[in-house]
Number of protein chains: 2
Amino acid sequence: MIDKQSPIPIYHQLEEQIKKKIESGEYSPGDSIPSEREYAEELGISRMTVRQAITNLVNEQYLHRIKGKGTFIAEQKLEQKLTGLTSFTEDMLARGMTPSNKLIHFEIIPAKESLAKELDIREHSPIYEITRVRLAENVPMALEKTYISANLIKGLTEKIVQASLYQYIEEELDLKIGKASQVIEASLANKEEIELLDIDKHSPILLMKRITHLEDGNPFEIVKSSYRADRYKFMIDLER
Amino acid sequence: MIDKQSPIPIYHQLEEQIKKKIESGEYSPGDSIPSEREYAEELGISRMTVRQAITNLVNEQYLHRIKGKGTFIAEQKLEQKLTGLTSFTEDMLARGMTPSNKLIHFEIIPAKESLAKELDIREHSPIYEITRVRLAENVPMALEKTYISANLIKGLTEKIVQASLYQYIEEELDLKIGKASQVIEASLANKEEIELLDIDKHSPILLMKRITHLEDGNPFEIVKSSYRADRYKFMIDLER
DNA sequence: GGTAATAACTGGTATATACATATGTTATTG
DNA sequence: CAATAACATATGTATATACCAGTTATTACC
């Protein structure tokens with residue numbers, strides 16, 4: 001199970017081993033794992049090394065320790081992700097609804113000043129402009145306009161956008177997605193929203209603007225969404 | 001500096017000592033701290049004990065380590081708190097504005113069914129109902145209605161509410177505040193909002209409902225806020 | 001049978017030590 | 001003079017060991 005000759009640290013090997021057993025369901029929330037001394041003897045390694053592996057998993061909230069009793073598989077591990085970065089598709093699935101898309105526009109345009117500034121690129125640099133209507137259970141839910149720096153994210157096609165943009169960026173382009181900042185405000189529907197979302201004049205709209213960054217801090221995407229206020233609410237969990 | 005006889009673990013004493021130097025400004029972001037071996041020799045403790053202290057501070061993002069170079073004071077430490085639980089007062093101060101209040105109502109009423117359910121108490125149990133207009137730079141910003149379980153939070157007065165409710169709960173009642181969940185939606189202003197917030201008919205309103213829990217998981221407070229959409233935006237940071 | 005002491009676990013703290021690996025400086029060499 | 005080798009120093013990994021402090025089951029006693 002443990003390869004002492006491997007360049008991968010022993011504690012890291014053990015971490016992965018325990019993680020797998022949690023993710024595969026072999027260990028379930030509330031279960032206790034073998035004691036530190038058992039692991040040490042079983043694997044022929046020092047207890048302190050076992051502790052280092054377990055300590056890391058405790059910090060990542062996979063496990064929690066109780067003095068005198070043992071080490072246990074943590075509950076949840078889901079909650080904290082509610083403040084995490086999710087796509088419309090993930091969001092709807094989490095709410096138990098079936099998401100779909102209607103692509104309205106897909107083109108490359110020169111960046112206007114405000115967008116260029118927010119994407120930290122030069123004015124008139126090429127950016128993708130993608131306009132979509134997002135539906136849940138085939139009812140229009142939001143109008144979404146995505147702006148992506150074309151020099152940073154290359155080779156984008158309609159197909160990729162309709163499949164999974166984030167997956168393409170992380171797996172095909174080997175770029176890592178980092179933090180995002182979101183601004184949420186309320187407004188009244190404009191002509192385009194009234195038309196595409198099939199709502200009345202004077203309808204309230206929930207506006208969301210998100211700037212997504214790569215792990216190195218470079219912004220690569222701006223998403224402006226107009227949600228139908230009668231069908232959508234933002235839910236956020238706050239800590240402490 | 002370090003009391004080996006103290007029941008407080010040595011690594012914890014060292015943690016606090018380093019933290020203080022960071023918070024007092026004696027160490028600034030980017031500075032390096034003494035090496036692990038220096039600390040060990042200086043304080044007459046083992047290097048592994050020093051490592052335990054530093055590792056904890058690295059996990060809390062006070063410090064970061066660079067192999068071969070040293071351990072350094074981390075930047076920021078502010079960003080992550082933007083997703084944290086803040087009061088209207090803190091929120092406005094963070095935006096560089098001066099907050100104030102106008103108390104509209106303060107009374108104890110029996111809980112209606114929906115509120116009772118959300119506060120996890122019996123119907124008709126007594127709850128405080130506190131209605132306030134929140135102002136920034138003396139301009140109405142939001143109408144805020146707070147409902148607090150009177151059996152859980154005892155001895156509340158108008159004065160306390162106007163001062164700092166959370167401080168009272170944590171310091172006077174010795175209860176710890178835990179997580180909160182927030183729902184944000186958009187709507188059109190109702191009569192009360194039009195009147196108290198001094199806005200026009202058909203004005204869009206940003207509605208926020210927050211349920212705040214104690215550390216033990218018990219909900220103790222429900223806040224329903226109606227923000228003027230022309231003056232207020234929610235800003236959220238998302239990870240990963 | 002009930003209870004109190006005890007033994008046998010658990011994780012928590014702390015030490016001393018060794019070598020690995022990344023980094024920066026200094027001395028050496030071509 | 002520049003490339004390189006050697007060294008010093010930093011954190012990273014790993015071991016072995018000791019004792020402390022909660023928890024639980026067993027044992028011995030009344």
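Both backbone and side-chain heavy atoms feed into the values below; hydrogens, waters and symmetry mates do not. To find a chain, count down the sequence lines: A is the first, B the second, and so on, and within it residues start at 1.
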At 4.0 Å (heavy atoms only), tell me whether A:Ile66 reaches a base, stays on the sugar-phosphate, or touches nothing. sugar-phosphate
Between B:Gln52 and C:dA14, is there a side-chain N or O to OP1/OP2 distance below 4.0 Å? no
Looking only at the aromatic ring of each residue, does the gap between the centers of A:Phe234 and B:Phe234 stay below 6.0 angstrom? no
For a quick check under 3.5 Å, do B:Tyr39 and B:Arg51 share a side-chain donor-acceptor pair by atom type? no
Please figure out whether A:Lys67 or B:Ile10 has its closest DNA chain C nucleotide nearer the 5' end. A:Lys67
Rounded distance (Å) that lies between atom P of C:dA14 and atom CG of B:Asp3: 11 Å
Set out, in order, the CA-CA distance, both residues' side-chain angles and the distance that settles side chain to side chain donor-acceptor pair (under 3.5 Å) for A:Thr55 and A:Arg65, then state yes or no. CA-CA 9 Å; A:Thr55 299; A:Arg65 295 201 250 230; 2.5 Å; yes
Regarding B:Glu221 and B:Tyr166, do their side chains bring together a donor and an acceptor under 3.5 Å, going by distance alone? yes
Would you indicate which nucleotide in C:dT23, C:dT17, D:dG12 comes nearest to any side-chain atom of B:Lys69? C:dT23
Does A:Arg47 put a side-chain nitrogen or oxygen below 4.0 Å from OP1 or OP2 of D:dA16? no
Nucleotide C:dT13, atom P - distance to NE2 of B:His12 in whole Å: 9 Å
Picking from D:dA16, C:dT10, C:dA22, which would you name as closest to the side chain of A:Ser46? D:dA16
Pairwise 5' ranking along DNA chain C for A:Gly68 and A:Met48, keeping only the more 5' one: A:Gly68
From CG of B:Leu43 over to C1' of C:dT15, roughly how many Å is that when rounded to an integer? 15 Å
Any N or O donor-acceptor pair under 3.5 Å from the base of D:dG12 to the side chain of B:Arg65? no
Respond yes when some side-chain nitrogen or oxygen of B:Thr49 is under 4.0 Å from OP1 or OP2 of C:dT15, and no when none is. yes
Rounded interatomic separation in angstrom, taking CD from A:Glu41 and C1' from C:dT10: 15 Å
Hey, which sits more toward the 5' end of DNA chain D by its nearest nucleotide, A:Arg37 or A:Tyr11? A:Tyr11
Between C1' on C:dA14 and CZ on A:Arg51, what's the gap in Å once rounded to a whole number? 11 Å
Report yes if at least one side-chain N or O of B:Lys4 is closer than 4.0 Å to OP1 or OP2 of C:dT15; otherwise report no. yes
A:Ile45 CD1 - D:dT17 C1' separation (whole Å): 16 Å
Starting at CG of A:Asn56 and ending at P of D:dG12, how long is that distance when rounded to a whole Å? 12 Å
Backbone N or O of B:Leu14 within a donor-acceptor pair of the B:Gln17 side chain at under 3.5 Å? no
Among D:dA10, D:dT15, D:dA14, which nucleotide sits nearest the side chain of B:Glu38? D:dA10
Rounded to whole Å, how long is the line connecting atom CD of A:Glu36 with atom C1' of C:dT13? 12 Å
